[in-house]
Number of protein chains: 2
Amino acid sequence: MNVVEKLRNVNLRPTKQRILLAKQILDGKNKHFTAETIQKEVLSNGQSISLATIYNCLNKFVSVGLLKQIDQQGEVTIFDTNVSHHHHFLNQNTGELIDIDPDEIGFSKLPDIPNGFESDGVEVLIKIKE
Amino acid sequence: MNVVEKLRNVNLRPTKQRILLAKQILDGKNKHFTAETIQKEVLSNGQSISLATIYNCLNKFVSVGLLKQIDQQGEVTIFDTNVSHHHHFLNQNTGELIDIDPDEIGFSKLPDIPNGFESDGVEVLIKIKE
DNA sequence: TCAACAGGTTAGAATAATTCTAAACTAGAT
DNA sequence: ATCTAGTTTAGAATTATTCTAACCTGTTGA
Ligand SMILES: [Mn+2]
Ligand SMILES: [Mn+2]
Ligand SMILES: [Zn+2]
Ligand SMILES: [Zn+2]
């Protein structure tokens, strides 16, 4: 499935900018990136796109489930092309995230969910350093 | 141990402002708060302190281990008086964090740490909703 | 006791990530 | 070809946090 179809599937008009981003991002590989790094990649390919558009597009992509947004480690929002449930290593030397497949982690004990609430997902972050 | 002693223990001069904050914060209870919420508490007590000083102090407190800093869910930095290793529920309706004692969580399986790295802690976040 | 000074506080400016505004543009429908 | 809702964009606005630089204060030791 090409990127135009992928965009149509989720009811997003395949504009020049969205196609550009989708080609960069939705190539089947799992990646973590920021709005700025994506813009640099695009610009260094000789193409151009404004940062506002990148935020608009990435936020749309998140809202339709093409991307996940990771709010961790402060400052900058990281986007994740791996939208299935998974965990992360955090390389504390670089800030880089590395995916952990969910079946790599098992629990022998978990706490009771507070009364009146239900679980909405368990995320494990393993901080690593050199 | 009173707050002046606590500050002296970590080589911080017990200034008026640090004492004020330490009394609010280091009362033995586990809390999560932001710089803004602490300032509001102080001001509503009739005392005054600038936001710059609150950031200065809280950052110092973190660097000497009196507080932990939690960079999660974007935007605002949350400070945590529970400096021992623990996990969190995240109430997605309110953004509130609730402590989970580490012995409430057990692992039956954990992934290999990438080559050349060592683990620097495992953090579990259980997202909950009403 | 108190001068000296290193360290601390502060208002306001600066910074930086992200969102907003509003004008110009375009994909898709008819 | 025309129309319109949706999209893009530059630049302004917003917001959390840090910086600047002037003023203040805790501590020390003469
Ligand atoms: Mn931060
Ligand atoms: Mn965010
Ligand atoms: Zn990931
Ligand atoms: Zn906590």
Side-chain angles (χ1 to χ4, degrees), chain A residues 2-25 32-40 42-43 47-64 66-80 95 97, chain B residues 2-25 32-40 42-43 47-64 66-80 95 97:
Chain A
N2 64 38
V3 294
V4 172
E5 291 176 65
K6 277 185 193 161
L7 292 169
R8 287 230 160 84
N9 273 348
V10 292
N11 289 310
L12 291 181
R13 278 194 198 168
T15 65
K16 191 157 68 90
Q17 291 81 353
R18 284 175 182 165
I19 291 167
L20 198 57
L21 288 177
K23 276 183 181 159
Q24 262 332 285
I25 288 169
H32 306 100
F33 56 85
T34 69
E36 292 263 9
T37 59
I38 277 294
Q39 190 185 40
K40 272 179 199 135
V42 169
L43 297 184
Q47 322 246 192
S48 118
I49 189 172
S50 82
L51 199 51
T53 300
I54 292 186
Y55 277 108
N56 287 343
C57 289
L58 296 184
N59 288 339
K60 277 276 161 122
F61 287 7
V62 168
S63 74
V64 299
L66 288 175
L67 282 181
K68 252 190 342 196
Q69 197 172 354
I70 300 181
D71 277 327
Q72 230 158 40
Q73 4 135 30
E75 306 105 47
V76 191
T77 296
I78 292 174
F79 296 90
D80 192 341
L97 290 172
Chain B
N2 63 39
V3 295
V4 172
E5 291 176 64
K6 276 185 193 161
L7 291 169
R8 287 231 160 84
N9 273 350
V10 293
N11 289 309
L12 291 182
R13 280 194 197 167
T15 65
K16 191 157 68 87
Q17 290 81 352
R18 282 174 184 167
I19 291 167
L20 197 59
L21 289 177
K23 276 182 182 159
Q24 275 309 300
I25 290 169
H32 306 99
F33 56 86
T34 69
E36 292 263 10
T37 59
I38 277 295
Q39 190 187 38
K40 271 181 201 135
V42 169
L43 297 185
Q47 323 246 191
S48 116
I49 188 171
S50 81
L51 199 51
T53 300
I54 292 187
Y55 276 108
N56 287 342
C57 290
L58 296 183
N59 287 339
K60 276 275 159 113
F61 287 7
V62 168
S63 73
V64 300
L66 288 175
L67 283 182
K68 255 192 337 197
Q69 197 173 357
I70 300 181
D71 279 327
Q72 231 160 40
Q73 2 137 29
E75 307 102 48
V76 190
T77 296
I78 292 174
F79 295 90
D80 192 342
L97 291 173

So which of residues 8-22 of chain B are in contact with DNA chain C, with a heavy-atom cut-off of under 4.0 Å?
B:Arg13, B:Thr15, B:Gln17, B:Arg18

Which is more 5' along DNA chain D, the nucleotide nearest B:Glu36 or the one nearest A:Thr53? Just name the residue.
A:Thr53

For a quick test of reading the model: is some side-chain N or O of [X] closer than 4.0 Å to OP1 or OP2 of [N]?
X: B:Asn56; N: C:dT10; value: no
X: A:Thr34; N: C:dA17; value: no
X: B:Ser50; N: C:dT10; value: yes

Could you give the [atom1]-to-[atom2] distance, from [X] to [N], as a whole number of Å?
X: B:Ile49; N: D:dT25; atom1: CD1; atom2: P; value: 14 Å
X: A:Gln39; N: D:dT9; atom1: CD; atom2: P; value: 10 Å
X: B:Phe61; N: C:dT9; atom1: CZ; atom2: P; value: 9 Å

Output the distance between atom [atom1] ([X]) and atom [atom2] ([Y]), rounded to the nearest 0.5 Å.
X: A:Gln47; Y: A:Gln17; atom1: CD; atom2: CD; value: 10.0 Å
X: B:Arg18; Y: B:Leu12; atom1: CZ; atom2: CG; value: 5.0 Å
X: A:Ile49; Y: A:Cys57; atom1: CD1; atom2: SG; value: 5.5 Å

Which residues pass the side-chain hydrogen bond (donor to acceptor under 3.5 Å, both in side chains) test with B:Thr53, not counting sequence neighbours?
B:Ser50

Taking only residues two or more places apart in sequence or in another chain, which ones pass side-chain hydrogen bond (donor to acceptor under 3.5 Å, both in side chains) with A:Asn2?
A:Glu5

Check whether any side-chain heavy atom of B:Leu66 lies under 4.5 Å from a side-chain heavy atom of B:Ile25, and answer yes or no.
no

Considering only side-chain heavy atoms of B:Tyr55, which listed nucleotide, D:dA16, C:dT18, C:dC20, is closest?
D:dA16

